[in-house]
Each structure stands twice: as structure tokens, then as C-alpha cells.
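Report on one structure; see the data block that follows.
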Amino acid sequence: MKTKQLFLFAFAFLITCAASLQSQNFLVSETPLLDLDVLSVSSNSIDLESYEVNTEDYTLEYSVENAPKSITENDAQSNVVAYALSMIALGAGFGVNADQTLWCLHAEYYLRLAMLNRAAIYGSVGATYNGSSSDFLTTTIFDVTLKVLMFTQLAKQYQQVRFLYGLAAAYGFGKEKFEDGFSYDITRLTMSLVIGFQIMLTQQWALMIQSNLLNYQELTRTFEDFETKAYSRWALINKNNLLALSLIYTFANSKR
């Protein structure tokens with residue numbers, strides 16, 4: 001009898017435990033792991049224009065107008081700044097010939113005429129005081145010069161060095177004087193092909209080296225009773241050609 005009562009008690013206990021476990025499982029299944037009502041995502045689109053990232057301390061907003069400029073735009077602007085609207089040059093030149101020593105003092109004003117891809121075209125007007133001397137003859141002449149030159153970057157890695165080339169014309173007047181004191185007036189017209197380099201030191205200061213590669217010259221000698229004309233052509237650097245050095249001041253105005 002006791003055995004039967006124990007058996008019934010155990011059976012009732014097992015049923016009670018089973019019912020309790022089933023009730024707990026039901027409660028767990030009824031409790032959602034994630035409240036789907038909190039997240040609502042449109043199946044069609046998401047409005048990004050009104051999207052903002054907010055924190056307790058700041059609000060992060062993105063504006064297309066304030067976006068950084070492209071590398072190409074920055075490069076273009078740096079080119080414009082580098083090739084200034086105008087420049088002033090002051091310098092001196094030296095050279096030697098078979099029997100002559102050449103020298104000059106010069107001043108020039110450069111104005112940018114056009115901007116090209118990594119290059120610029122400049123026009124210049126200047127004044128040059130030239131001299132030459134030999135064992136028996138001394139020449140002094142004052143020239144007015146006009147130039148049209150192309151300035152171009154040698155490479156993107158060396159933007160501070162520019163190669164320049166172009167045409168120059170000069171008209172001058174002066175004197176030739178012999179060792180015994182005899183002298184006469186001269187006038188001179190020169191057409192030249194110019195080459196050289198410009199080296200940027202800072203944003204506003206630069207050095208320039210120029211020389212004539214090809215030359216055509218008309219020289220008129222005026223005496224008391226008559227005059228003579230001589231025509232000459234020559235090439236190569238440092239053959240009746242000066243190597244002119246200039247200190248350049250570039251104005252920072254970069255607008256076209």
C-alpha cells in the first residue's frame with residue numbers, strides 16, 4: 001500500500017514539473033527578442049537628404065558645396081598662381097668673344113598674355129645698356145627690347161623650374177670709339193631666338209637665365225659725310241651672345 005502511494009505521489013510530481021516547464025516555454029515564445037515596431041524600413045527608398053548624425057555634443061551635417069575640390073582643380077589653380085599676371089626683371093649679362101668682352105645691364109617688365117596647359121605666354125618690354133671692349137675698340141649702345149616668350153614646366157615633379165623660349169627684337173643706338181679717340185654713331189637692329197630657364201625661389205621671387213641662340217643683325221655706322229651698313233647672322237651660345245642673369249619679382253595677382 002505504501003509503495004502504491006509513493007508511486008502515485010511521484011507520478012503527480014512529474015506531471016506538475018512537466019506542466020511548469022511547458023508554461024515557461026510558452027512565456028519565452030510569447031516574448032519577442034526584437035521589437036519589430038521600433039524598426040521601420042521603407043521597402044522603396046530611404047530619405048538621405050534629411051539624415052543627420054546626432055550625438056549629445058554635436059550634429060554632423062554634410063554639404064556638397066563644402067566638399068573638397070578635386071586634384072585636377074587644385075592643380076589648375078596652382079598653375080594660375082605660379083604663372084603670375086606680371087613680373088619685373090633686373091639683372092646683368094656677360095659674355096666673351098674671340099677678341100671682345102661683352103656685358104650688359106637690363107630691366108624688363110613681363111605681362112602674361114595667355115594661359116595654356118602647364119604653360120603661359122608672356123610679352124615683355126625692356127631696356128638694356130650694352131657694352132663691349134677689345135684691345136682697340138670700345139662699343140656702348142642702349143637697346144629697347146620686345147619679347148614674346150613661352151614659359152613651360154619641364155615636369156610635374158619639378159614645377160619650380162620652367163623652360164622658356166621665344167622671339168626677341170631690339171633696336172639700339174650708341175657709339176663706337178677707337179683707342180686713338182676717333183668715334184662715330186651707330187644704330188643697331190637685332191632679331192633673336194631666345195632660350196633660357198626660370199627657377200622659382202619663393203612664390204614671388206625667381207631667377208632667370210637667358211641667351212640668344214640665333215641672331216640676325218643690321219648695324220649702321222654714321223660718319224660725318226657718309227654711313228655704312230653691315231648685316232650679320234650667327235648662332236650658338238656665347239658667340240657675340242650674352243648670358244643674361246635676372247632677379248625676378250612676380251606679382252601675386254593670379255586672375256586671368
Side-chain angles (χ1 to χ4, degrees), residues 87-110 122-151 154 161-199 201 205-249:
M87 302 182 292
I88 292 178
L90 297 173
F94 303 93
V96 293
N97 202 352
D99 57 355
Q100 287 183 316
T101 300
L102 313 174
W103 58 269
C104 79
L105 299 174
H106 65 269
E108 293 176 301
Y109 175 77
Y110 288 83
Y122 282 87
S124 76
V125 57
T128 305
Y129 183 61
N130 299 274
S132 65
S133 59
S134 63
D135 294 338
F136 60 91
L137 180 65
T138 299
T139 302
T140 55
I141 190 167
F142 180 83
D143 279 323
V144 177
T145 62
L146 295 174
K147 295 179 183 178
V148 177
L149 301 176
M150 173 78 79
F151 289 67
L154 290 179
V161 179
R162 293 84 180 265
F163 177 67
L164 62 94
Y165 58 94
L167 298 175
Y171 180 80
F173 53 90
K175 284 184 175 294
E176 285 186 340
K177 184 177 181 180
F178 286 89
E179 190 177 47
D180 59 4
F182 178 70
S183 65
Y184 45 84
D185 295 333
I186 60 173
T187 57
R188 185 174 69 184
L189 175 65
T190 306
M191 305 290 291
S192 306
L193 174 62
V194 180
I195 61 171
F197 293 94
Q198 183 188 25
I199 304 171
L201 303 177
W205 293 98
L207 290 176
M208 190 182 295
I209 304 171
Q210 296 183 58
S211 187
N212 296 346
L213 184 63
L214 300 173
N215 292 271
Y216 170 78
Q217 189 176 93
E218 296 181 3
L219 180 64
T220 302
R221 296 179 173 92
T222 302
F223 303 94
E224 292 183 359
D225 300 329
F226 64 97
E227 67 178 26
T228 63
K229 289 189 177 182
Y231 305 91
S232 57
R233 296 180 298 272
W234 68 92
L236 301 178
I237 296 175
N238 211 30
K239 182 179 181 182
N240 288 334
N241 290 328
L242 294 167
L243 184 65
L245 306 176
S246 304
L247 180 64
I248 308 294
Y249 179 79

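FYI, side chains are in, hydrogens and waters are out, and symmetry mates aren't considered; it's all heavy atoms of this structure. Index from 1, following the sequence.
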Are the side chains of L201 and L207 in contact, using a 4.5 Å heavy-atom criterion? yes
Take atom CZ in F173; do more than 12 heavy atoms of anything else shown fall under 6.0 Å from it? no
Spacing of L149 atom CG and M208 atom CE [to the nearest 0.5 Å]: 7.5 Å
Looking at residues at least two apart in the chain, or sitting in another chain, which of them share a ring pair (Phe, Tyr, Trp, His ring centres under 6.0 Å) with Y231? none
The criterion is side chain to side chain donor-acceptor pair (under 3.5 Å); which residues satisfy it with E227, sequence neighbours excluded? none
Side chain to side chain, T145 and V125, heavy atoms closer than 4.5 Å: no
Value rounded to 0.5 Å, distance of OG in S192 from CG in L214: 8.5 Å
With sequence neighbours left out, which residue pairs that include part of residues 170-187 fulfil the salt bridge (charged side-chain N to carboxylate O under 4.0 Å, His left out) condition? K175-D185, E176-R221
OH (Y184) and CD1 (I186) are apart, to the nearest 0.5 Å, by 7.5 Å
Approximate separation, where rounding is to 0.5 Å, of F178 CZ and S183 OG: 10.0 Å
As an exercise, state the distance from CG of L102 to CG of L243, rounded to the nearest 0.5 Å. 11.5 Å
What pairs with L90 under side chain to side chain contact (heavy atoms under 4.5 Å, CB included), at least two apart in sequence or on another chain? A107
For F223 and T228, which heavy atoms make the closest approach, and how far apart are they? CE1-OG1, 4.1 Å
Once side chain to side chain contact (heavy atoms under 4.5 Å, CB included) is applied, do any residues pair with L167, and if so which ones, sequence neighbours excluded? L193
Tell me, yes or no, whether the heavy-atom count around M191 atom CE, taken from other residues, nucleotides or ligands under 6.0 Å, exceeds 12. no
In this structure, CD1 of I195 is separated from CD1 of I209 (nearest 0.5 Å) by 11.0 Å
Ring pair (Phe, Tyr, Trp, His ring centres under 6.0 Å) partners for F151, two or more places apart: Y122
Which residues pass the ring pair (Phe, Tyr, Trp, His ring centres under 6.0 Å) test with Y165, not counting sequence neighbours? F163
Residues forming a side chain to side chain donor-acceptor pair (under 3.5 Å) with Q198, sequence neighbours excluded: R162
Going by ring pair (Phe, Tyr, Trp, His ring centres under 6.0 Å), name the residues that satisfy it together with Y129, two or more places apart in sequence or in a different chain. W103
Side chain to side chain donor-acceptor pair (under 3.5 Å) partners of Y171, counting only residues at least two apart: none
Which donor-acceptor pairs under 3.5 Å do the side chains of residues 136-144 make with protein atoms, sequence neighbours left out?
unit_1	atom_1	unit_2	atom_2	d
D143	OD1	G172	N	3.1
D143	OD2	N130	ND2	2.7
D143	OD2	R188	NH2	2.8

Looking at residues at least two apart in the chain, or sitting in another chain, which of them share a side chain to side chain contact (heavy atoms under 4.5 Å, CB included) with A89? E108, Y110, S246, I248
Side-chain touch Q210/H106, heavy atoms, less than 4.5 angstrom: no
